[in-house]
Amino acid sequence: MEHFQLKNILNIKYMKKYSDNIQYGTAGFRTKANALEYILYRMGLLAVLRSKVKNAAIGLMITASHNIGSDNGVKLIDPAGEMLEASWEQIATNLVNVEDANLVSTIEHIIKEENINMSVDAIVITGRDTRESSPTLLNAAVTGIEVLYGIVQDFGIVTTPQLHYLVVCTNTKNNYGNPTLHGYYIKLSEAFKHVRQKQINNGQYVAELLLDAANGVGGIAAKEFQKYLGTTLAINIYNDGNGELNYMCGADYVKVQQVPPVNFSLKSNFRCVSIDGDADRIVYFYTDEDNKFHLLDGDKIATLIAEYLKELLKESHLSFQLGLVQTAYANGSSTDYILNVLQIPAICVSTGIKHLHNKALDFDIGIYFEANGHGTVLFKETVVKTIKEAVINPKRSTNEKEAASKLLNIINMINQTVGDALSDMLLVETILHAKGWDIMEWEKMYEDLPNKQLKVKVNNKSIITTANAGRQCITPEGLQDEIDKIVSQYKKGRSFVRPSGTEDIIRIYAECENLCDLNKLIIDVALLVY
Ligand code: 16G
Ligand code: ZN
């Protein structure tokens, strides 16, 4: 019977088109949209197997995040909202690369190896961003899911973090929130409004911002949020979907180019926010009266959150172990500030959210952020329980209870499943409001070291391998010594090269104390890999 069903898997519409090997990388499969149909079909099959093996709902998100509109991609989301387990990334890569003639036997092999009980029901929660190619790709995935009798719960156009949220809520039977988009908006916005109460502005803080939505799905979500938030926060949305997706706009563009987005009505010294094409990254920025651009990236957001959580813990007399997880891209000044001023452990891990998320789980309260603006905060269940008790404990002072109640609302406005640009925005807005700060005041926490990124196209990016969280080259032999030699000539100099996990390129990062030295530093390092 099983065998009979599996024979139906070969679908003439979704035959393998390309012979090149494609890898399930940091962000799933990502490539030109027109090469993805059979991949989506096969990922639909795999999602069913994954759901059966975990006996839980699995997420399937169709997006290529900050990449150009003609790209697309797919990633699977595991039951607790985390990225697909590493061993299954390998299974996914194998499955997608086998020839059609071996598709059935490969599926049989996975079922056998993973000991999958095919009679278990499978649920796959699907979502997609606003790309033109996404509906066709969704059809391919749904066909794959249904041929193995999986149940599809499609949520249409959603942000990546919304899909993560929906998976977790479905699997935790509403414990985390209602598994609907309404449930998502209401949970986050109610917590936000509760902390702010009736006082909308405070000190230098004004409850209005300008948002660059990258012409992606975040524009839709931000408009929806606005309805729930009412007058508590005015979000003026630019690049709301009418222009080209991620083209000279969005968090990645603003962060890497260190310039404001296009089609944006700048007001000097005014708080601006940029999110990426699937709304899982966020950076803040502003231009001053001399039109100078100022960026407040993921590191600045992480330190702001860490400092505020530390304050609230102190006020509530609750003691938990706080930790902050970063990658090699974190600005050296931010790491110094976290270690020396905040006196919180700062851990560096490899690029890619799964690494940050896993490490953050080690702490009672684990904050993680990539400099590119992807991050969130994870609270252990026991921590949430203790805070809930503190809010109602009659032995505690009013001050302590108030601080504990603020913490609880903050927990509710954070999407703990993954970095969520709009949830992070609500959190930053809450903290700035509490402190009565405008964006300039926030920026003063520490001064970023001048920094720059370059990418170099190479024939084979895998000749470069790294260790020590991407900070040290292992191969080609001798390259690291050469980098060290160059870097040692610069005050507060730091530079590393690593192969991208999402594109066929080598990335180069450099920072140093003097802006005028930066170009020479990064070009000298780049010349080593040409
Ligand atoms: C993906 C990752 C992001 C990482 C980036 C690095 C997730 C959800 N996203 O976008 O965290 O910073 O890849 O790309 O893990 P790179 O390897 O091309 O530098
Ligand atoms: Zn993204």
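For ligands, and for the atoms within them, numbers begin at 1 and follow the listed sequence.
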Regarding [X] and [Y], do their side chains bring together a donor and an acceptor under 3.5 Å, going by distance alone?
{"X": "D448", "Y": "S333", "result": "no"}
{"X": "T465", "Y": "T475", "result": "yes"}
{"X": "N34", "Y": "S133", "result": "no"}
{"X": "Y176", "Y": "Q416", "result": "no"}
{"X": "D297", "Y": "Y329", "result": "no"}
{"X": "S134", "Y": "D129", "result": "yes"}
{"X": "E443", "Y": "H294", "result": "yes"}
{"X": "H182", "Y": "Y228", "result": "yes"}
{"X": "D280", "Y": "T160", "result": "no"}

Which of the N/O/S atoms in D276 sits closest to the Zn ion (ligand 2)? OD2
What N, O or S atom of D280 is found closest to the Zn ion (ligand 2)? OD1
Closer than 4.0 Å to some heavy atom of [X] - which atoms of ligand 1 meet that?
{"X": "I353", "answer": "7 (C), 8 (C), 11 (O), 15 (O)"}
{"X": "N372", "answer": "12 (O)"}
{"X": "R498", "answer": "16 (P), 17 (O), 19 (O)"}
{"X": "T351", "answer": "4 (C), 6 (C), 12 (O)"}
{"X": "S500", "answer": "16 (P), 17 (O), 18 (O)"}
{"X": "R507", "answer": "16 (P), 18 (O), 19 (O)"}
{"X": "M83", "answer": "8 (C)"}

Could E370 and K255 be called an ion pair, given the rule that one side-chain N must be under 4.0 Å from one carboxylate O?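 Not counted as a salt bridge, because no side-chain N and carboxylate O are separated by less than 4.0 Å.
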For R30, run the side chain to side chain donor-acceptor pair (under 3.5 Å) check against D71, N67, T502 and tell me which one passes.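 Considering D71, N67, T502, a side chain to side chain donor-acceptor pair (under 3.5 Å) with R30 is found only for N67.
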Is it the side chain, the backbone, both or neither of K455 that has a heavy atom closer than 4.0 Å to ligand 1?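 It is neither; nothing of K455 touches ligand 1.
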Just heavy atoms, cut-off under 4.0 Å: does I505 contact ligand 1 by side chain, backbone, both, or neither?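 I505 to ligand 1: no contact under 4.0 Å from either part.
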Are N263 and Y238 side-chain neighbours, meaning at least one heavy-atom pair lies under 4.5 Å? no
Is there a nitrogen or oxygen of [X] sitting under 3.5 Å from a nitrogen or oxygen of ligand 1?
{"X": "H374", "value": "no"}
{"X": "G501", "value": "yes"}
{"X": "D280", "value": "no"}
{"X": "K354", "value": "no"}

What protein heavy atom sits nearest atom 2 (C) of ligand 1, and how far away is it?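 Going atom by atom, the protein heavy atom closest to atom 2 (C) of ligand 1 ends up being T26 CG2, 3.9 Å.
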Of all the non-hydrogen atoms in the protein, which one sits nearest to atom 13 (O) of ligand 1, and at what distance? T502 CG2, 3.5 Å
Would you say T63 has an N, O or S atom lying under 2.8 Å from the Zn ion (ligand 2)?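 For T63, the answer is no, given that no N, O or S atom comes within less than 2.8 Å of the Zn ion (ligand 2).
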Does the shortest distance from the Zn ion (ligand 2) to an N/O/S atom of D278 fall below 2.8 Å?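 For D278, the answer is yes, given that an N, O or S atom comes within less than 2.8 Å of the Zn ion (ligand 2).
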For H355, state whether at least one heavy atom is located under 4.0 Å from any atom of ligand 1.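 Distance cut 4.0 Å: H355 fails for ligand 1.
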At a 4.0 Å cut-off, with the gap strictly under it, does some heavy atom of S65 reach an atom of ligand 1? no
Spacing of I338 atom CD1 and D299 atom CG [to the nearest 0.5 Å]: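 With rounding to 0.5 Å, CD1 (I338) is 7.0 Å from CG (D299).
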Among H164, H66, R281, which residue places a heavy atom closest to atom 5 (C) of ligand 1? R281
Considering H357, R30, E370, M61 one by one, which has a heavy atom nearer to atom 3 (C) of ligand 1 than any of the others?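 Nearest option to atom 3 (C) of ligand 1, by heavy atoms: E370.
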Are there more than 12 heavy atoms of other residues, nucleotides or ligands under 6.0 Å from atom NZ of K461? yes
